There are 2 protein chains.
Amino acid sequence: MRQPAHAATGRGGSGRRRGGASGPVTIEDVAARAGVSAATVSRTLNGNYPVAATTRTRVERAVRDLGYVVNAHARALAGSTTRTVGIVVNDVIDPFFAYIARGVEREATARGRMCLIAATQGDSRRELAIVDLLHEQRADAVVLVGGAVADPAYTKQMAARAKALAAGGSVLVLCGRPSLGPGVPTAQVGYDNEGGAAAITEYLIAAGHRRILYLGGPAELSTSRARLAGHRKALRARRIPSDPKLIQTGAFGRRFGYHRMQELLAAGPDFTAVFAANDVVAAGAMQALHEAARTVPDDISIVGYDDVPVAAEVRPGLTTVHVPLEEMGREAVRLALAGEDTDTNAPPTQAVTVGTHIVARESVAAPSKGARRQR
Amino acid sequence: MRQPAHAATGRGGSGRRRGGASGPVTIEDVAARAGVSAATVSRTLNGNYPVAATTRTRVERAVRDLGYVVNAHARALAGSTTRTVGIVVNDVIDPFFAYIARGVEREATARGRMCLIAATQGDSRRELAIVDLLHEQRADAVVLVGGAVADPAYTKQMAARAKALAAGGSVLVLCGRPSLGPGVPTAQVGYDNEGGAAAITEYLIAAGHRRILYLGGPAELSTSRARLAGHRKALRARRIPSDPKLIQTGAFGRRFGYHRMQELLAAGPDFTAVFAANDVVAAGAMQALHEAARTVPDDISIVGYDDVPVAAEVRPGLTTVHVPLEEMGREAVRLALAGEDTDTNAPPTQAVTVGTHIVARESVAAPSKGARRQR
DNA sequence: TCCACTGTAGTAACCGCTTACTACGACGGC
DNA sequence: GCCGTCGTAGTAAGCGGTTACTACAGTGGA
């Protein structure tokens, strides 16, 4: 496959590349065909250097005739950017991740970047490995999406990755997860999980509920923890005792919501409302409620978090906390690529926080007399 | 940033790289630190050439000490593969695409590949542009997911891309869309849209339905066309006249299913069953049906296509055609990378077809007396 | 003792582009 | 008419790896 040097540097007269039989077309081939140097072709293609109009035309024609497609790897190696951004998600199916990924993809594409994507399946060891792979690819930015496990060893390792990435000129963006510690060079896109959770808990309290079930995600995940913390804070603020039996953690899937709710219902429920840690869990719980012939919101009120489509599709519509997921993804890219136009490197650590708000649908009502009596 | 030649080739004694202040670590740095040549480091890292155990240890230690991370672009440029596969989807949110993308991602990751992903938003011009971008990236395989527009000009252009890609050693995989024509080098993963549509139409007919509404996707999309063709074929086989008013095309989204069904219901329905061209459309239609106080399946039966989660989540459960989406994605990668282990290039054009089957849930019943009389 | 092997490791030629320098003809000011 | 500028384009040195050759100790057989 390799050609000896003299072949590559040989005269590049008009006779070459006629049949296209001699391997991929390179910039040299285009240069030869247009009767200019490779440098001129490069300049024409990149448009960052003055090229005479006639020359430009000749080059463009040669490109078209030969079907030349620039090699991004050669470009990345010679240039200073790869025009690539990495996205790390748990699972591409999960709407929470999918919406953020969509935002990242759209913003990156709009800025002429390609996206590298990989799924961790919730395994933080795998996540570290993926970040390494993205480092190999020299992605201009690496966006870590969603909650992180609260494990010091993990945090330390990821912090080391962040530093290595920064040393190489790329930036690690934490999208919806806590900082890796002071001094660790990252960008951050956050949303106020604790505040949102407190607000929607307060919403339930305001509707008259006192016995509220928290039906949450994995206990070790930062997102679940923050939401639970907000929930507790709201209860505390209203002097409502927190009952351990009403704190149920486990997972972020529909399955979990469905099965755990079935169990609780079978055990004799002692709550008038449910705060599901995300909409998907809420949807599962609503299914269990429905099958157990409990009416939402007449028998039991329920709220979710995230405001993904399922919240609007279930019946009754789910009252939830709206999180601008796609916007978070876009913001992650903006933040990471903010310094691209300026000469100076952007300040290493920056953060933005997006706002959330409650979307009231039909899943909340005052507790029923029956439920009250039941206590 | 660039260093003059003499600096790069200078003695690489043990003194270098101590502070990590001189830019990214390269293989030369590792070689110097380990007291071997770059070639030996490369061989150690790639493990495709015998290296003495003691040497290997020294190299590995140097890699660790220096925090060396290989540069994938340099590797791609020098080597013959980029260990990268491209995925082209309509939208990362749509479950049809998301499941196939998940299959591609999982299989690619399992084979040590990274995935490049981009969304076309259903615009075939954008799709062509994305394929070009993926060509620039020299992806080992490019997977085009889902239906294509039936437009000769488009087909011709994509065929040209396929040839260019093939000339460069990568393969274009058509996942769930028709061939680009004879002689165009592609791999294909298909599923029998026509057969599946015919089968589920037959299922409705067998339940007693004669007036079946086809509620379908975009008229120009290969997938919608094939499903409609199958539907018609089944009607013809049973000598059931096809009524133009019962053929409704438009889009593949929930919105379309919901609104079109509302309109039809308002106009006075003349059908006892609905064949929605996919589950998402079916879910939208079911919502409209519900809001109009029509009971599924007592008043109207409905079936979908794809068997994505929403089919199992709606009430009543949706009878649909199961398509092994994730498996299709995996198969696409397998096909594309089939020749990687063998010396000989794999035959240019290959195809596999995955099987589909009907999943019977609760959304189909015999037409009601009332509906029959209504005719 | 000499030599053909065998196992390891080094040398250097690329891979295909970008870009800092350098070169050079045309032009306008003095 | 001479020279400093300006607009263009060429030269060549990398970017950071991989790998075909080549080199050179040991080893065992003749």
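This structure is a prediction, so every number in the text was calculated from the model and none was measured. Letters go in sequence order (proteins before strands), and every chain restarts at 1.
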Task: Separation of C/dC17 C1' from B/His73 NE2 (nearest whole Å) - done: 13 Å
- [ ] Look at A/Thr55 and D/dA9 and indicate whether a side-chain polar atom (N or O) is within less than 4.0 Å of OP1 or OP2.
- [x] yes
Open item on the list: Counting C-beta onward and ignoring hydrogens, is there a side-chain heavy-atom pair between B/Val69 and A/Arg138 closer than 4.5 Å?
Closed with: yes
Task: Gap between atoms CG and C1', on B/Leu45 and D/dT18 respectively (whole Å) - done: 12 Å
Task: Worked verdict on B/Arg102 versus B/Glu105 for salt bridge (charged side-chain N to carboxylate O under 4.0 Å, His left out) - done: CA-CA 5 Å; B/Arg102 182 205 245 184; B/Glu105 193 272 331; over 6 Å; no
Task: Residue B/Ser42, side-chain atoms from C-beta onward, closest of C/dA9, D/dT19, D/dA9 - done: D/dT19
Open item on the list: In whole Å, I'd like the distance from the CG atom of A/Leu66 to the C1' atom of C/dG16.
Closed with: 15 Å
TODO: Check every atom of C/dT18, D/dG16, C/dG10 against the side chain of A/Arg75 and return the nucleotide holding the closest atom.
DONE: C/dT18
TODO: Output yes when at least one side-chain N/O atom of A/Thr26 is less than 4.0 Å from OP1 or OP2 of C/dG16, else no.
DONE: no
For nucleotides 20-22 of chain D, which of its nitrogen or oxygen atoms have a protein nitrogen or oxygen under 3.5 Å away, and what is each distance?
from   : atom 1 : to      : atom 2 : distance (Å)
D/dA20 : N6     : B/Arg43 : NH2    : 2.8

Task: Presence of B/Asn71 side-chain N/O under 4.0 Å of D/dC15 phosphate oxygens OP1/OP2 - done: no
Open item on the list: Need one value for B/Thr40: base, sugar-phosphate or nothing, where a base atom within 4.0 Å counts as base even if backbone is also close, heavy atoms only.
Closed with: sugar-phosphate
Open item on the list: With a 4.5 Å cut-off on side-chain heavy atoms, are B/His135 and B/Arg161 touching?
Closed with: no
- [ ] Check the distance between C/dC17's C1' and A/Tyr68's OH and give it to me in whole angstrom.
- [x] 7 Å
Open item on the list: Is the shortest side-chain heavy-atom distance between A/Val41 and A/Val36 below 4.5 Å?
Closed with: yes
- [ ] Using a 4.5 Å cut-off on heavy atoms from C-beta on, say whether the side chain of B/Leu165 contacts that of B/Val131.
- [x] yes
- [ ] For B/Leu77 and D/dT18, give me the distance from atom CG to atom P, rounded to whole Å.
- [x] 11 Å
- [ ] Send over the distance from A/Gln137 CD to D/dG16 P, rounded to a whole Å.
- [x] 16 Å
For residues 51-60 of chain A, which side-chain donor-acceptor pairs fall under 3.5 Å, sequence neighbours excluded?
from    : atom 1 : to      : atom 2 : distance (Å)
A/Thr57 : OG1    : A/Ala53 : O      : 2.8
A/Arg58 : NE     : A/Ala34 : O      : 3.0
A/Arg58 : NH2    : A/Ala34 : O      : 3.2

Task: Nearest-Å distance for atom pair CG/P, residues A/Asn46 and C/dT19 - done: 7 Å
Open item on the list: Using whole Å, what does the distance between atom C1' of nucleotide C/dA12 and atom CD1 of B/Ile27 come to?
Closed with: 14 Å
Open item on the list: Run A/Thr120 and A/Asn90 through side chain to side chain donor-acceptor pair (under 3.5 Å) and show every step you take.
Closed with: CA-CA 5 Å; A/Thr120 65; A/Asn90 251 9; 2.9 Å; yes
TODO: Classify the nucleic acid contact of A/Val41 as base, sugar-phosphate or nothing, counting any heavy atom under 4.0 Å across all strands shown.
DONE: nothing
- [ ] Just compare C/dT18, D/dT8, D/dG16 and give me whichever is closest to any side-chain atom of A/Ala52.
- [x] D/dT8
